[in-house]
Amino acid sequence: MKVAALFALAFLPVALLQADDPKPPEGFRAIFNGKDLTGWYGLNPHASAKLTGEKKDANLKQQREEFPSHWRVENGELVNDGTGPYATSDEQFGDMELTLEYKTVPHADSGVYLRGNPQVQIWDDTQVWDPKNPDRNPDRGSGGLFNNTPKTLGRDPIEKADKPFGQWNTLRIRQIGARTWVWLNTRAVVQGAPMENYWDKGQPFPAKGPIMLQTHGGEIRWRNVFVHQINAEEGKKFLAANPELPTPTAYDVAYGPHRKQVMHFWKAESDKPTPLLFFIHGGGWMGGGRLSGLSGMLPQMLKAGISVVSVEYRFIPEATADGEVPPVNGPLHDAARALQFVRSKAAEWNIDKERIGASGGSAGACTSLWLAFHPDMADPKSADPVAHESTRLWCAAVSAPQTTLDPKQMKEWTPNSTYGGHAFFFVADPAKKITQFDAFLAGRDTILPWIQEYSPYALVSSDDPPIYMNFGAPPALGQPQKDPTHTANFGVKLQEHCQEFGVPCELVYPGAPGVKHATIQDYLIDKLKAPSAK
């Protein structure tokens with residue numbers, strides 16, 4: 001029976017063996033049918049941009065004729081061989097949300113043209129950055145608006161979110177007017193930056209145009225190409241809730257020699273030195289980017305007369321490659337160095353170097369607390385004048401911090417703890433069914449000096465600045481938590497410890513008692529703008 005069934009299957013009509021019809025989410029429709037090239041034609045606008053008259057007509061005709069020889073449909077996927085004209089939609093689009101999936105190969109790059117304008121960039125992110133071409137940044141990942149002016153927000157992605165070759169990536173693009181939002185594999189990589197008119201920088205961005213799927217140097221596959229058209233009311237409401245972020249006053253300012261040791265600076269308008277928010281993004285010291293968690297705070301801080309710095313730093317793999325021991329020494333000391341550098345720029349940037357408050361989420365919050373509690377790392381004997389500056393803070397206000405890097409404490413506070421081993425070289429051993437945290441806990445006694453040096457809890461002393469912690473769920477000490485890495489148990493235990501030393505510590509979570517400041521922004525504005533006690 002099995003042989004007969006297979007024999008019969010071989011003679012089924014081809015249409016019955018094709019991929020299922022695309023299934024767009026509610027409110028979206030498919031613009032690639034998964035079966036053929038209907039609705040698409042070939043056009044590389046760069047090839048015809050300088051042509052006119054009959055020569056241009058002939059070129060456009062030739063591109064349309066060449067299109068089917070470079071593009072095909074295979075198993076519901078739109079496949080390009082790496083050359084030829086771009087797949088261009090017959091339909092013109094204005095304000096919209098576009099979702100699609102793509103998969104490409106090494107040594108190729110591509111992109112999505114919006115309204116016929118280049119482009120949301122797709123890179124081979126394994127390429128090595130070339131300092132001779134500093135504005136070409138494939139190693140920062142895909143999703144940026146590559147043809148925008150360098151050193152402007154949105155030109156490069158906020159963070160790297162590409163999947164390895166062989167896996168499908170998901171792009172979600174929202175465009176209202178010229179402003180563009182991009183999510184790559186659910187991570188926000190562009191947050192409402194205006195896309196510039198590539199064809200004429202002096203002209204407004206076109207109101208309508210086709211979607212174009214670029215081909216450039218290697219096979220790329222596309223599938224599940226869905227569009228939701230945004231009406232005027234929806235667009236107006238979204239723009240009102242998402243104001244455009246200001247361009248940094250100083251972009252990618254280097255505070256050290258490594259490519260990741262850079263910061264953005266936004267200067268608040270004031271005729272007097274301003275307080276400063278010193279922002280350190282989260283991501284487990286393994287990912288994230290400088291606007292992650294900051295974009296909602298930035299306009300409010302600047303409006304309140306508080307300047308802002310957002311710091312990039314080496315992640316654990318980069319710190320390990322640089323010989324940092326333990327690995328967490330890299331991101332933590334990068335933050336300390338960045339803080340000293342900011343203070344060295346106080347006169348130039350019109351900053352009150354005393355009133356600096358640190359903030360961040362998760363690992364960025366842990367780093368902020370480490371700076372708040374660590375003894376001053378200023379070195380007045382150093383030949384480097386930046387090293388003379390203090391690393392002490394006026395205050396710290398953070399979200400969902402890991403307040404200890406001691407696995408024994410974590411296990412006691414939250415039995416299903418899983419975080420932290422990567423900071424100290426510990427790795428999992430799947431063959432022996434040993435998790436990273438198992439190895440961390442078993443090896444704890446061998447790294448006690450490191451725990452004392454890098455765990456915020458271990459560093460608390462009576463001369464430390466006031467702190468604020470915000471968590472999204474209430475604590476339950478000694479009980480497993482849904483999110484043990486960001487549990488409010490961390491906050492409860494640190495607050496108790498701070499109270500022992502007389503360090504002011506405000507703890508906020510749903511249902512928390514004695515809340516004075518509902519948000520991190522409220523706390524920072526209150527503390528950084530408070531009248532001087534003198």
Side-chain angles (χ1 to χ4, degrees), residues 24-29 92-99 112 114-115 117 120 143-145 148-149 152-159 161 170-184 186-197 203-209 211 226-249 251 264 266-269 277 279 281 288-308 310 359 361 397 399 470 472 517-526 529:
E26 185 176 354
F28 286 73
R29 59 186 174 87
Q92 304 270 310
F93 297 92
D95 295 349
M96 65 161 187
E97 186 164 317
L98 169 70
T99 67
V112 179
L114 304 175
R115 304 184 196 171
N117 194 85
V120 175
L145 310 182
N148 275 13
T149 303
T152 58
L153 295 181
R155 201 270 184 175
D156 293 308
I158 293 169
E159 62 177 288
T170 300
L171 268 176
R172 175 182 162 213
I173 302 167
R174 174 171 288 192
Q175 189 166 60
I176 303 173
R179 292 187 62 199
T180 309
W181 288 257
V182 182
W183 295 263
L184 177 59
T186 75
R187 306 294 294 179
V189 294
V190 174
Q191 294 185 345
M195 180 178 273
E196 297 174 12
N197 188 331
Q203 292 298 314
F205 194 74
K208 280 193 172 184
I211 293 167
F226 305 138
V227 165
H228 163 71
Q229 289 175 284
I230 296 173
N231 62 37
E233 183 179 351
E234 181 185 354
K236 183 178 180 180
K237 183 177 180 180
F238 187 82
L239 291 179
N242 295 273
E244 184 177 341
L245 298 177
T247 299
T249 309
Y251 188 101
H264 292 339
W266 290 265
K267 184 179 180 180
E269 293 301 321
L277 165 60
F279 187 83
H281 72 80
R290 277 167 287 173
L291 289 179
S292 301
L294 175 63
S295 56
M297 301 170 62
L298 180 59
Q300 191 174 351
M301 293 296 105
L302 295 176
K303 184 178 179 180
I306 299 171
S307 296
V308 179
S310 189
S359 186
S399 174
N470 194 316
H517 302 90
T519 68
I520 288 172
Q521 296 95 304
D522 292 342
Y523 182 88
L524 287 169
I525 292 170
D526 186 12
K529 298 288 288 186

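This is a predicted model, so every value here is computed, not measured.
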Between Asp95 and Gly177 the two heavy atoms that sit nearest each other are OD1-N, 2.8 Å

For Met297 and Ser359, the nearest pair of non-hydrogen atoms, with its separation, is CE-OG, 4.0 Å

State the CG-CD distance between Leu98 and Gln229, to the nearest 0.5 angstrom.
11.0 Å

Quick one: pull up CD in Glu97 and CD1 in Ile230 and give me the separation to the nearest 0.5 Å.
6.0 Å

Sorted by chain and number, sequence neighbours left out, ring-ring contact (aromatic ring centres under 6.0 Å, His included) with Phe279 holds for none

Taking every heavy atom of Ile158 against every heavy atom of Val190, the minimum-distance pair comes out as CD1-N, 4.3 Å

Do Val120 and Leu145 have side-chain heavy atoms sitting under 4.5 Å apart?
yes

For the side chain of Trp266 and the backbone of Leu298, is there at least one donor-acceptor N/O pair under 3.5 Å apart?
no

Kindly give the heavy-atom pair with the smallest separation between Gln521 and Gly296, and that separation in Å.
NE2-O, 4.0 Å

Have a look at His517 and tell me which of Ile525, Leu524, Asp522 forms a side-chain contact (heavy atoms from CB on, under 4.5 Å) with it.
Asp522

Spatial distance of atom CD (Gln92) from atom CZ (Arg115) [nearest 0.5 Å]:
11.0 Å

Heavy-atom side-chain proximity of Leu302 to Pro246 below 4.5 angstrom:
yes

Where at least one partner belongs to residues 289-307, residue pairs that pass salt bridge (Lys or Arg N to Asp or Glu O under 4.0 Å), sequence neighbours excluded
Asp252-Arg290

Ignoring hydrogens and geometry, is there a side-chain-to-backbone donor-acceptor pair from Arg155 to Thr149 under 3.5 Å?
no

Without swapping roles, check the side chain of Thr180 against the backbone of Gln175 for a donor-acceptor pair under 3.5 Å.
no

Calculate, to the nearest 0.5 Å, the distance between atoms CD1 and NZ belonging to Ile176 and Lys236 respectively.
13.0 Å

Considering only heavy atoms from C-beta outward, does the side chain of Leu171 approach that of Val182 to under 4.5 Å?
yes

Applying ring-ring contact (aromatic ring centres under 6.0 Å, His included), can you list everything that pairs with Phe28, at least two apart in sequence or on another chain?
His228

Which distance, rounded to the nearest 0.5 Å, do you find between the CZ of Arg172 and the CH2 of Trp181?
11.0 Å

Can you confirm whether Tyr251 sits close enough to Leu153 that some side-chain heavy atom of one is under 4.5 Å from a side-chain heavy atom of the other?
yes

Counting N and O atoms only, with roles assigned by atom type, does the side chain of Asn117 sit under 3.5 Å from a partner on the main chain of Glu196, one being a donor and the other an acceptor?
yes

Side-chain contact test, heavy atoms from C-beta onward, threshold under 4.5 Å: evaluate it for Ile211 versus Met96 and give yes or no.
yes

Shortest non-hydrogen contact between Ser307 and Ala268, atoms and distance:
OG-N, 2.9 Å

Determine whether a donor-acceptor pair (N or O, by modelled atom type, separation under 3.5 Å) exists between the side chain of Asn148 and the backbone of Pro194.
yes

Separation of Leu291 CG from Leu245 CG (nearest 0.5 Å):
6.5 Å

Applying ring-ring contact (aromatic ring centres under 6.0 Å, His included), name anything that partners Phe205, two or more places apart in sequence or on another chain.
none

When every non-hydrogen atom of Thr249 is compared with those of Lys267, the smallest separation belongs to OG1-N, 2.9 Å

Ser310 side chain to His264 main-chain N or O, any donor-acceptor pair under 3.5 Å?
no

With the side chain counted from C-beta on, respond yes when Pro206 and Asn197 share a heavy-atom pair under 4.5 Å apart, and no when they do not.
yes

Pairs touching residues 238-249 that satisfy salt bridge (Lys or Arg N to Asp or Glu O under 4.0 Å), sequence neighbours left out
none

Could you tell me which residues satisfy side-chain hydrogen bond (donor to acceptor under 3.5 Å, both in side chains) with Thr152, sequence neighbours excluded, listed by chain and number?
none

